[in-house]
Colleague: 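One structure coming up, written as structure tokens, with questions to follow.
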Amino acid sequence: MSRYLPVLMVQEISRRYGADPELLEFEAELAVHLSDFGADFEQPRMVVYPEMHLCSASGTPEQRKEQLEAAAEHIDGPRHQCLSRIARNLGIWLLPGTVCERGEDGHLYNTAPVYSPEGERVAAYRKCFPWRPYEPYRPGDRFDVFEVPGVGRVGLAICYDIWFPETVRQLAWMGADVIINQVATTTCDRAQEQILVQANAIFNQVYMVSVNAATPSGEGRSLIVDPEGRIRAQMPGATSGILTDVLNLEEVERVRTFGTAGLNRMWSQYRDDDPVLELPMYEGRIDPRKWKDR
């Protein structure tokens, strides 16, 4: 039986901090209806917004820090209650864009919450690789995946995270079939990011879903890449728009079984009697007997 995941990506301008998150319900409902997307699907749709969609900041580093301090909330604060209600009311998997979280330790985190169609927050991933020195956030200390029952597992990576190959490799090892990459790239390296999205898909034989903000909040060019690195759908420019696709997660199993281009099966590379490969820079190792324990 096929495991289908309908995905709707909203390439949109980020909102200034202090904007009413209630407006997101109207926007999300409008996006779903205007695209006529998934009305007859049995599997609830996944609606994905870009990085910092609900609380962007601008100006000097000091001004940005001040705005983000004002926008920051604890993960279970009023914003959480609102987002939970939106997901439940619309019956969707909601990834509302990353938010500025005030941690228990008082620090700011760039956090990607995920809400189920029942309104439950099933994940809250803190960006592990802030883009320094521009971003004032403290790095997260763990990777995060969540389950879409009966369909598959989804991993989370925020913007600059995908420049570090360890991120997607770890998420794939944790069982992710799809990586959601929420982005707010305003710089000329979006072209390189698109290549990294394809490369990460190829290295790890996963779907990559990369949604960037629209101009002037970002350079757009959102895209979806399949487990063999082929671009399935993409936005041609930086203007606001909606990108839809239905991912068949059985493709991940097919590619890993038969190989990329019918050749390369990286997840089947190791045998139990192969030597342990030390990784000194990580103070870790690749142990063939644990390579597939995911």
Side-chain angles (χ1 to χ4, degrees), residues 5 7 9-11 14 46-53 75 93-101 109-115 121-132 134-135 137-148 152-187 189-213 218-227 229 231-232 234 243 245 247 249 252 266 282 294:
L5 180 64
V7 176
M9 301 161 59
V10 185
Q11 180 172 292
S14 301
M46 181 171 287
V47 179
V48 187
Y49 284 85
E51 181 184 23
M52 283 291 148
H53 179 65
I75 195 64
W93 289 93
L94 177 64
L95 284 72
T98 70
V99 298
C100 189
E101 177 196 356
Y109 292 90
N110 186 348
T111 301
V114 180
Y115 295 88
R121 191 182 66 242
V122 297
Y125 164 68
R126 291 172 170 175
K127 187 176 186 178
C128 287
F129 297 99
W131 192 50
R132 289 171 165 165
Y134 183 74
E135 295 183 349
Y137 310 109
R138 188 173 182 83
D141 61 1
R142 69 196 66 185
F143 298 111
D144 206 350
V145 298
F146 65 93
E147 198 82 31
V148 178
R153 194 168 290 180
V154 179
L156 300 168
I158 301 171
C159 202
Y160 198 45
D161 283 339
I162 67 163
W163 287 76
F164 297 83
E166 302 83 1
T167 301
V168 179
R169 173 54 53 87
Q170 180 66 33
L171 292 169
W173 186 86
M174 293 168 71
D177 303 293
V178 182
I179 310 299
I180 303 292
N181 175 224
Q182 294 166 288
V183 183
T185 294
T186 60
T187 47
D189 57 349
R190 181 58 179 165
Q192 283 78 10
E193 280 185 345
Q194 291 177 299
I195 295 170
L196 289 173
V197 169
Q198 289 182 268
N200 273 294
I202 294 168
F203 290 155
N204 299 291
Q205 298 175 322
V206 294
Y207 281 100
M208 293 289 298
V209 175
S210 179
V211 55
N212 193 13
E219 283 294 304
R221 288 181 280 175
S222 302
L223 72 162
I224 298 174
V225 178
D226 78 5
I231 296 175
R232 288 181 54 88
Q234 61 182 325
L243 197 63
D245 200 356
L247 312 183
L249 302 196
V252 175
M266 296 83 77
Y282 298 120
R294 61 189 192 282

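Since this is a predicted model, take the numbers as computed values, not measurements.
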Colleague: Take the angle between the ring planes of Trp131 and Tyr160 and call it parallel below 30°, perpendicular above 60°, tilted in between.
Modeller: perpendicular
Colleague: Are side-chain heavy atoms of Ser210 and Met9 found at a separation under 4.5 Å?
Modeller: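 In short, these two side chains do not touch, never coming nearer than 4.5 Å.
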Colleague: If you measure only the distance, is there a donor-acceptor pair under 3.5 Å linking the side chains of Thr185 and Asn212?
Modeller: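 No donor-acceptor contact under 3.5 Å links the two side chains.
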Colleague: Restricting to non-hydrogen atoms, name the atom on Ser14 and the atom on Glu51 that form the minimum distance, rounded to 0.1 Å.
Modeller: OG-O, 4.0 Å
Colleague: Under 3.5 Å, is there a donor-acceptor pair between the side chain of Gln182 and the main chain of Tyr49?
Modeller: yes
Colleague: Less than 4.5 Å apart, side chain to side chain, heavy atoms only: is that true for Tyr137 and Cys100?
Modeller: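 Of all side-chain heavy-atom pairs linking Cys100 with Tyr137, at least one is under 4.5 Å.
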Colleague: Identify the two heavy atoms, one from Ala172 and one from Asn204, that lie closest to each other, and give their separation to 0.1 Å.
Modeller: CB-CB, 3.9 Å
Colleague: Can you check whether Val99 reaches Pro113 side chain to side chain, under 4.5 Å on heavy atoms?
Modeller: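 Counting from C-beta outward, Val99 and Pro113 do come under 4.5 Å.
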Colleague: Is there side-chain contact between Val183 and Cys159, with heavy atoms separated by less than 4.5 Å?
Modeller: yes
Colleague: With no hydrogens and no angle check, is any side-chain donor or acceptor of Arg153 less than 3.5 Å from a backbone partner on Met174?
Modeller: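 Pair found, side chain donor or acceptor close to backbone of Met174.
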Colleague: Could you go through the side-chain contact (heavy atoms from CB on, under 4.5 Å) check for Met46 and Val178 one step at a time?
Modeller: CA-CA 12 Å; Met46 181 171 287; Val178 182; over 6 Å; no
Colleague: Measuring from Ile195:CD1 to Ile202:CD1, what's the distance to the nearest 0.5 Å?
Modeller: 10.5 Å
Colleague: Considering only heavy atoms from C-beta outward, does the side chain of Ile231 approach that of Val225 to under 4.5 Å?
Modeller: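 Side-chain contact under 4.5 Å: yes.
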Colleague: Please name the pair of heavy atoms, one in Arg121 and one in Ala124, separated by the smallest distance, quoted to 0.1 Å.
Modeller: NE-CB, 4.1 Å
Colleague: Rounded to the nearest 0.5 Å, how far apart are CD1 of Ile158 and OG1 of Thr167?
Modeller: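 Spacing of CD1 (Ile158) from OG1 (Thr167) equals 10.5 Å.
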Colleague: Testing the basics here: between Ala213 and Pro50, what is the closest heavy-atom pair and its distance to 0.1 Å?
Modeller: N-CB, 3.6 Å
Colleague: List for me each residue that meets side-chain hydrogen bond (donor to acceptor under 3.5 Å, both in side chains) alongside Thr186, sequence neighbours excluded, and say none if there are none.
Modeller: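 If we apply the side-chain hydrogen bond (donor to acceptor under 3.5 Å, both in side chains) test to Thr186, skipping adjacent residues, there are no hits.
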Colleague: From Asn110 CG over to Met52 CE, what is the distance, rounded to the nearest 0.5 angstrom?
Modeller: 3.5 Å
Colleague: Is it true that Arg169 and Glu166 make a salt bridge, defined as a side-chain N closer than 4.0 Å to a carboxylate O?
Modeller: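 The answer is no: the pair does not qualify as a salt bridge.
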Colleague: For Thr111 versus Arg126, what's the shortest heavy-atom pair and its separation?
Modeller: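 So the two residues come closest at OG1-CG, 3.4 Å.
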Colleague: Got a second to check how far Thr187's OG1 is from Gln192's CD, nearest 0.5 Å?
Modeller: 9.0 Å
Colleague: Are the side chains of Val211 and Val10 in contact, using a 4.5 Å heavy-atom criterion?
Modeller: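 Contact flag for Val10/Val211 side chains = no.
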Colleague: Could I get the full list of side-chain contact (heavy atoms from CB on, under 4.5 Å) partners for Leu196, not counting sequence neighbours?
Modeller: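 Leu196: side-chain contact (heavy atoms from CB on, under 4.5 Å) contacts with Ile162, Trp163, Asn200.
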Colleague: Report the residues that fulfil side-chain hydrogen bond (donor to acceptor under 3.5 Å, both in side chains) with Asp177, sequence neighbours left out, ordered by chain and then residue number.
Modeller: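 Applying side-chain hydrogen bond (donor to acceptor under 3.5 Å, both in side chains) to Asp177 gives none.
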Colleague: With heavy-atom distances below 4.5 Å as the criterion, would you say the side chains of Leu223 and Gln194 are in contact?
Modeller: yes
Colleague: Hey, mind stepping through Met208 and Val168 against side-chain contact (heavy atoms from CB on, under 4.5 Å) and telling me if it holds?
Modeller: CA-CA 10 Å; Met208 293 289 298; Val168 179; 4.2 Å; yes
Colleague: Flag the pair Leu156 / Phe146 as yes when at least one side-chain heavy-atom distance between them is below 4.5 Å, and no otherwise.
Modeller: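 Side chain of Leu156 against side chain of Phe146, heavy atoms only: contact under 4.5 Å found.
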Colleague: Is there a donor-acceptor pair closer than 3.5 Å between any side-chain N or O of Glu219 and the backbone N or O of Arg190?
Modeller: no
Colleague: Would you please test Ile75 and Tyr109 for side-chain contact (heavy atoms from CB on, under 4.5 Å) and show each step?
Modeller: CA-CA 10 Å; Ile75 195 64; Tyr109 292 90; over 6 Å; no
Colleague: Between Gln170 and Phe143, what is the shortest heavy-atom contact and its length?
Modeller: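 Looking at all heavy atoms of both residues, the closest pair is CG-CD1, 3.4 Å.
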Colleague: Begin from the C-alpha positions of Tyr125 and Asp161 and carry the test side-chain contact (heavy atoms from CB on, under 4.5 Å) through to its verdict.
Modeller: CA-CA 12 Å; Tyr125 164 68; Asp161 283 339; 2.7 Å; yes
